[in-house]
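The analysis underlying the following values was restricted to heavy atoms, covering all of them including side chains, and did not include hydrogens, waters or symmetry mates. Lettering of chains follows the sequences in order, A, B, ..., and the numbering in each one begins at 1.
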Number of protein chains: 2
Amino acid sequence: MPAKQSRKPLAGDDPSDYDQPSVTVDLVLLTVREGQLHVLLIRREAKPFAGRWALPGGFVRIEESLTAAVRRVLREKARLTGIFIEQLYTFGAVKRDPRTRVITVAYYALVSEGQLIRAIGQSADLARMPVHVAWQGEAGGQAEVRGPGGKPVRLAFDHKEILGMAVKRLRGKLDYSPVGFELLPETFTLRQLQQVHEAILDVKLNKPAFRRRMLDKGVLQATGRRETGVTYRPAELYRFVDAAGSNNREEN
Amino acid sequence: MPAKQSRKPLAGDDPSDYDQPSVTVDLVLLTVREGQLHVLLIRREAKPFAGRWALPGGFVRIEESLTAAVRRVLREKARLTGIFIEQLYTFGAVKRDPRTRVITVAYYALVSEGQLIRAIGQSADLARMPVHVAWQGEAGGQAEVRGPGGKPVRLAFDHKEILGMAVKRLRGKLDYSPVGFELLPETFTLRQLQQVHEAILDVKLNKPAFRRRMLDKGVLQATGRRETGVTYRPAELYRFVDAAGSNNREEN
DNA sequence: GCAATAGTGTCTTTCAGACACTATATC
DNA sequence: GATATAGTGTCTGAAAGACACTATTGC
């Protein structure tokens with residue numbers, strides 16, 4: 001029972017009457033590379049779990065909103081700004097951090113492959129690793145991360161659970177929200193978009209049906225330009241145009 | 001800048017290096033009555049917002065998980081146990097509580113009309129009020145609560161926003177998850193189930209299509225009994241049977 | 001022309017909406 | 001029998017899956 005932050009243990013409706021849990025944010029930064037989901041991980045230096053791979057995160061400061069804390073973590077640890085983030089879930093099991101009571105508000109962020117590669121740069125403490133989340137069965141909903149040698153990587157804290165939830169959330173939102181576009185560069189081909197969907201959902205999709213569905217949504221704008229550097233017929237490049245409904249409050 | 005909880009202002013990766021925000025849980029308890037969604041509200045006695053109606057809530061204690069805190073609030077304020085709860089969203093805007101920095105983890109709970117009536121009992125500080133959330137337009141996604149006289153009620157803090165998000169979440173989950181059954185008693189008719197769906201979605205649904213969809217899911221068990229006390233042909237009573245996939249971890 | 005992928009036309013299947021019909025309870 | 005709602009049969013239309021076909025690029 002860590003009681004190092006003791007204050008008066010009185011009952012009541014005032015925040016300072018009780019010991020308070022600490023609050024952190026943790027970030028699941030995802031991208032799609034070669035048809036597979038990848039996550040950004042950081043190697044922990046300090047205890048607990050020193051040496052283990054973990055999701056980037058940090059404490060929420062007293063005059064900092066949750067999204068501001070996430071953006072600060074993103075800036076400090078991965079030198080990334082202006083990317084898509086969304087709140088995932090808040091994890092508050094009493095023993096999830098062996099030190100003291102820590103409640104973490106998890107967010108997920110989506111970037112294109114190129115952005116993630118630039119973010120990692122030469123750092124030895126940052127890595128992108130492939131993630132696989134089974135739909136059901138023995139490992140139903142459990143995230144599996146594989147390291148360079150292809151062998152499973154154990155994450156710090158409850159980060160495996162957080163990662164699994166992020167992938168499941170992404171799967172759920174893919175159909176009815178434009179999250180898929182956040183994983184691609186500014187312009188992209190329909191084939192790339194389909195590969196992103198296939199990587200997230202872990203299924204093969206029907207080409208004509210996929211094209212119809214996407215084009216019928218009315219959020220894709222043909223650029224008139226085509227991809228370059230391919231040896232076959234180059235595909236049209238599209239751009240995502242938000243269908244007026246950009247309800248980003250962004251103050252939490 | 002409330003600095004009443006000052007500790008050493010050092011930098012670092014230790015939770016006690018900074019002032020920490022307080023953490024509360026807030027609860028959106030919903031039911032359907034007479035074809036309309038209703039929410040449980042509690043009249044605040046203390047400042048801030050004394051006298052205003054608010055969502056029930058309370059501080060999270062140091063050795064209490066988030067769900068444990070919600071269940072305690074539910075027990076202490078509405079004498080309800082064993083009901084469906086699910087985490088909604090975490091609200092952490094810096095100024096959302098005028099006293100100090102308070103981050104709240106919002107949950108929603110679903111009960112049948114009878115359970116809510118029993119919960120309120122004779123208390124004058126508890127009330128159930130109808131909620132309406134427009135799909136779009138001027139008031140898109142904004143929750144509107146009406147009091148006894150039919151006039152709009154202003155809620156404390158950012159609770160209007162929390163309530164709006166709860167209704168939208170419920171709408172989103174209604175189709176692919178069994179949340180609708182949580183708003184009905186143990187046994188119910190298909191007509192009641194349809195009315196619940198219509199109240200949440202705020203649309204009229206097609207009867208044959210609704211019946212087919214529900215029965216095809218395979219989670220409804222006919223009891224062989226029929227409703228009583230009606231002057232017309234009584235409908236079959238059904239029971240919800242969980243289709244094996246009850247993944248309730250419940251430790252956050 | 002060959003290889004490889006882009007992009008399309010169309011048939012089939014599935015399922016929701018609409019509507020009308022039959023069934024069965026109370027009075 | 002009148003009334004009111006329960007419950008069903010069937011037509012239609014929208015959209016996804018399957019499959020084959022045409023189009024266009026580099027070499």
By the 4.0 Å heavy-atom rule, please label Pro208(A) as base, sugar-phosphate, or nothing. base
With sequence neighbours excluded, what pairs up with His38(A) under the ring-ring contact (aromatic ring centres under 6.0 Å, His included) test? none
Report all side-chain donor-acceptor pairs from residues 169-185 of chain B shorter than 3.5 Å, counting only partners two or more places apart or in another chain.
unit_1	atom_1	unit_2	atom_2	d
Arg169(B)	NH1	Gln87(B)	O	3.3
Arg169(B)	NH1	Leu88(B)	O	3.4
Arg169(B)	NH2	Leu88(B)	O	2.5
Arg171(B)	NE	Ile200(B)	O	2.9
Arg171(B)	NH1	Val133(B)	O	3.2
Arg171(B)	NH2	Val133(B)	O	2.6
Lys173(B)	NZ	Glu86(B)	OE1	3.4
Lys173(B)	NZ	Glu86(B)	OE2	2.7
Asp175(B)	OD1	Arg213(B)	NH1	3.4
Ser177(B)	OG	Lys173(B)	O	2.9

Summary of salt bridge (Lys or Arg N to Asp or Glu O under 4.0 Å) pairs that have at least one residue in residues 197-210 of chain A, sequence neighbours excluded: Glu198(A)-Lys204(A)
Would you mind reading off the distance between Gln194(A) atom CD and dT5(C) atom C1', rounded to a whole angstrom? 12 Å
Heavy-atom contacts, protein to nucleotides 11-17 of chain C, under 4.0 Å, summarised as B (base), S (sugar-phosphate only) or - (none) per nt, yield -----BB
Kindly assign one of parallel, tilted or perpendicular to the pair Phe157(A) and His159(A), based on the angle between their ring planes and the thresholds 30° and 60°. tilted
Work out which heavy atom in Ser112(A) is nearest to a heavy atom in Thr31(A); give both atom names and the distance. C-OG1, 3.1 Å
Quick one: the side chain of Arg233(A) and the base of dA4(C), do they pair up donor-acceptor inside 3.5 Å? no
Taking only residues two or more places apart in sequence, or in another chain, which ones meet Arg33(B) in a salt bridge (Lys or Arg N to Asp or Glu O under 4.0 Å)? Glu113(B)
What pairs with Glu34(B) under salt bridge (Lys or Arg N to Asp or Glu O under 4.0 Å), at least two apart in sequence or on another chain? none
Check Trp53(A) against Leu126(A) and note the closest heavy-atom contact, atom names and distance. CZ3-C, 4.1 Å
Does anything in residues 225-232 of chain B come within less than 4.0 Å of DNA chain C? Heavy atoms only, and list the residues if so. Val230(B), Thr231(B), Tyr232(B)
Sequence-distant partners of Phe210(B), ring-ring contact (aromatic ring centres under 6.0 Å, His included), two or more places apart: His197(B)
So that I know where these two stand, are Tyr238(A) and Phe240(A) an aromatic pair - ring centroids less than 6.0 Å apart? no
Going 5' to 3' along DNA chain D, which are the first and last nucleotides with any atom under 4.0 Å from a heavy atom of chain B? dA4(D) to dT10(D)
Decide yes or no on side-chain contact (heavy atoms from CB on, under 4.5 Å) for Met214(A) and Leu193(A), but give the supporting numbers first. CA-CA 9 Å; Met214(A) 289 303 139; Leu193(A) 184 60; 3.8 Å; yes
In residues 171-186 of chain B, which residues come under 4.0 Å of DNA chain D by heavy atom? none
Salt bridge (Lys or Arg N to Asp or Glu O under 4.0 Å) filter on Arg212(A), not counting sequence neighbours, yields none
Sequence neighbours excluded and cut-off under 3.5 Å, please list the side-chain donor-acceptor pairs for residues 223-233 of chain B, or say none.
unit_1	atom_1	unit_2	atom_2	d
Thr223(B)	OG1	Arg225(B)	N	3.1
Thr223(B)	OG1	Leu237(B)	O	2.7
Arg226(B)	NH1	Pro234(B)	O	2.7
Glu227(B)	OE2	Ala235(B)	N	2.9

